[in-house]
Amino acid sequence: MRIAVFVSGRGSNLQAILNSPETKDIVEVKAVISDKTDCGAFKIAKSSSIPTFCVGNKPGNVSYSDLSLILSEMKVGLIVLAGYLKLIPDNFISEYKNRIINIHPALLPSFGGKGMYGLNVHKAVFESSAKVSGPTIHFVDNTYDTGKIIAQQIVDISNAKSPEEIAEKVLKEEHKLLPYVVRKFAEGKINIQDERVILT
Ligand code: GRF
């Protein structure tokens with residue numbers, strides 16, 4: 001399956017998809033898209049000779065409608081948001097309905113929504129004194145972090161001493177869960193039945 005990965009930051013989840021034995025034989029990253037020209041993830045893409053596109057209104061950027069043409073020409077079947085911070089326009093989401101997934105570094109539906117990204121999430125989790133956290137992978141709809149949940153991994157944080165420690169523990173699990181889910185999607189093993197997302 002051909003996929004595109006949207007990023008805004010360092011790109012460790014992109015790297016996990018590129019390196020994981022789960023995805024190596026079945027998934028090809030055809031494009032990496034960002035709202036920022038200068039991000040770690042673009043460096044990773046370039047070092048793997050993957051085409052990069054900067055999306056937005058600035059001169060030299062591609063628009064979302066350009067992007068949808070580019071991705072359909074590339075026959076991209078799945079879009080993975082891996083640390084992409086911008087809201088995707090409604091018409092792009094409708095075009096890729098149930099084919100856009102996002103990874104969030106906490107157990108949704110708690111600790112999500114606008115402004116809940118990066119260390120903000122882990123600070124909120126730490127201050128709540130929650131005993132568990134972990135990554136959530138969900139389908140993307142028109143609002144932040146509300147689409148149907150595909151997979152979650154529980155991480156014990158009962159002894160965590162800082163938000164940074166939670167971030168590190170959760171990230172380790174993100175790097176396993178995301179390639180696992182991408183593989184399941186590529187194998188056609190993720191389906192929606194009776195309002196639930198079923199993995200087989
Ligand atoms: C991850 O924690 C992911 O869950 C969140 O943004 C972060 C991206 O990290 N959506 P990276 O750029 O993949 O290293």
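Reckoned from all heavy atoms, side chains included, excluding hydrogens, waters and symmetry mates. When a ligand or atom number is given, it counts from 1 through the structure's own listing order.
In this structure, Ile103 is part of the shell of residues with a heavy atom less than 4.0 angstrom from ligand 1.
Ligand 1 has a nitrogen or oxygen under 3.5 angstrom from a nitrogen or oxygen of Gly11. Close N/O approach between Arg10 and ligand 1 is found [any backbone or side-chain N/O within under 3.5 Å].
The protein heavy atom nearest to atom 6 (O) of ligand 1 is Gly83 CA, 3.4 Å. For atom 1 (C) of ligand 1, the closest non-hydrogen atom on the protein side is Glu174 OE1, 3.0 Å.
The heavy atom nearest to atom 11 (P) of ligand 1, considering only Ser12, Ser8, Gly9, Ala41, is found in Ser12.
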(request) Start with the C-alpha distance between Asp66 and Ser63, add both sets of side-chain angles, then the distance that settles side-chain hydrogen bond (donor to acceptor under 3.5 Å, both in side chains), and finish with yes or no. (result) CA-CA 5 Å; Asp66 295 336; Ser63 65; 3.2 Å; yes

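Looking at Arg183 and Asp25, a side-chain N of the basic residue comes within less than 4.0 Å of a carboxylate O on the acidic one, giving a salt bridge. Contact check on Glu168 versus Lys172 returns no salt bridge, with no Lys/Arg side-chain nitrogen under 4.0 Å from an Asp/Glu carboxylate oxygen. Between Glu195 and Lys148 there is a salt bridge, with a side-chain nitrogen of the basic residue lying less than 4.0 Å from a carboxylate oxygen of the acidic one.
Looking at heavy atoms from C-beta onward, Val80 lies out of side-chain contact with Phe6 at the 4.5 angstrom threshold.
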